[in-house]
Amino acid sequence: MPTGTLYVVATPIGHLDDFSPRARAVLGSVDQVAAEDTRHSGRLLQQFGLNVPLLAVHDHNESERVPGLIRRLEAGETLALVSDAGTPLISDPGYRLIAAAHDAGIKVVPVPGPCAAIAALSAAGLASDRFHFEGFLAAKAGPRQARLRALAELPHTLIFYEAPHRIAETLADMAAIWGEARLATLARELTKTFETVRRAPLGELAAWVLADTDQQRGEIVLVVAGAPEREVQDARALSAEDILRVLVRELPVKQAAGLAAELLGLKKNALYDLAQQLRDQARAEDSA
Ligand code: SAM
């Protein structure tokens with residue numbers, strides 16, 4: 001018997017008209033829908049007159065559910081995976097099930113649609129040629145700030161999901177760590193009645209959200225500009241110096257410059273003078 005198909009189906013993040021005809025047709029025709037919260041998805045399906053059996057598959061039971069679901073797919077059944085809202089697997093469960101389906105040679109078919117991160121990016125007015133999706137930051141200040149420091153030099157636009165009760169704190173941390181001038185866009189309640197999309201420097205956004213508690217409600221995506229190119233170059237020059245300081249003690253100048261340039265993705269000539277200077281410095285230190 002041919003194996004069944006596993007559909008990965010996006011559902012609305014607010015506006016019900018964003019539920020695509022194809023998504024509805026697929027959900028109306030499968031043998032069962034695996035849903036993060038069966039009550040929540042059950043209500044959505046009922047609103048559209050879709051009566052399909054639902055099975056709960058969430059972060060806490062996904063591993064236990066996977067073998068049974070794979071057996072059913074292998075027996076020819078057709079299943080769909082949905083999350084509470086938006087695209088499954090994007091800060092939502094489902095990765096283990098999809099990976100197991102691939103391992104078992106089962107056909108996996110995406111039915112694309114709403115995704116808060118992509119909707120926010122499309123309206124953010126920030127560079128979108130390259131972006132980094134970070135999802136949720138840690139709830140505790142220490143690990144959150146450490147992660148922000150680790151991301152400080154990334155030159156790509158950054159996308160975060162954030163809980164409304166933490167948005168003021170997170171914006172304040174971002175302004176403190178990345179600088180108040182960096183541009184960011186707050187995208188709140190997308191596709192819903194109180195939809196708000198505001199682009200401003202981080203310092204201004206942080207002050208606005210702190211002063212207006214309405215901005216601390218609902219669902220939020222934060223899109224932040226990447227590190228300015230100059231900062232990245234400075235950081236590269238700095239680490240070039242650190243690397244060269246070690247290499248010139250062990251290798252001829254030309255070889256040290258060549259190796260450091262390769263490690264940092266720079267032109268060899270760009271580091272030759274610096275390597276020579278550091279080698280002279282090292283010799284002077286050693287003979288002092
Ligand atoms: N899988 C979903 C998707 O494709 O967008 C995301 C699920 S994640 C558990 C939920 C988070 O997505 C929310 O806390 C919020 O940060 C963001 N989000 C979901 N719907 C949103 C909306 N309508 N407006 C703004 N952010 C939203």
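We count ligands from 1, going down the list as the structure has it; atoms in each ligand are counted the same way.
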Need the list: ligand 1 N/O atoms against protein N/O atoms, distance under 3.5 Å, rounded to one decimal.
{"residue": "ligand 1", "atom": "1 (N)", "partner": "A85", "partner atom": "O", "Å": "3.4"}
{"residue": "ligand 1", "atom": "1 (N)", "partner": "T87", "partner atom": "O", "Å": "2.9"}
{"residue": "ligand 1", "atom": "1 (N)", "partner": "I90", "partner atom": "O", "Å": "2.8"}
{"residue": "ligand 1", "atom": "1 (N)", "partner": "D92", "partner atom": "OD2", "Å": "2.8"}
{"residue": "ligand 1", "atom": "4 (O)", "partner": "T87", "partner atom": "N", "Å": "2.8"}
{"residue": "ligand 1", "atom": "5 (O)", "partner": "A116", "partner atom": "N", "Å": "2.8"}
{"residue": "ligand 1", "atom": "5 (O)", "partner": "Y161", "partner atom": "OH", "Å": "2.9"}
{"residue": "ligand 1", "atom": "16 (O)", "partner": "I220", "partner atom": "O", "Å": "2.6"}
{"residue": "ligand 1", "atom": "20 (N)", "partner": "E219", "partner atom": "OE1", "Å": "3.3"}
{"residue": "ligand 1", "atom": "23 (N)", "partner": "I13", "partner atom": "O", "Å": "3.0"}
{"residue": "ligand 1", "atom": "23 (N)", "partner": "L190", "partner atom": "N", "Å": "3.4"}
{"residue": "ligand 1", "atom": "23 (N)", "partner": "L190", "partner atom": "O", "Å": "3.0"}
{"residue": "ligand 1", "atom": "24 (N)", "partner": "L190", "partner atom": "N", "Å": "2.9"}

Exam field: side chain S41 to backbone T38, donor-acceptor pair closer than 3.5 Å:
no
Of the non-hydrogen atoms in [X] and [Y], which two are nearest, and what is the gap between them?
X    : Y    : result
V30  : T78  : CB-O, 3.5 Å
A260 : L244 : CB-CD2, 3.8 Å
I106 : L6   : CG2-N, 4.3 Å

Do I167 and L186 have side-chain heavy atoms sitting under 4.5 Å apart?
yes
Hydrogens and angles aside, do R72 and Q32 bring a side-chain donor and acceptor to less than 3.5 Å of each other?
yes
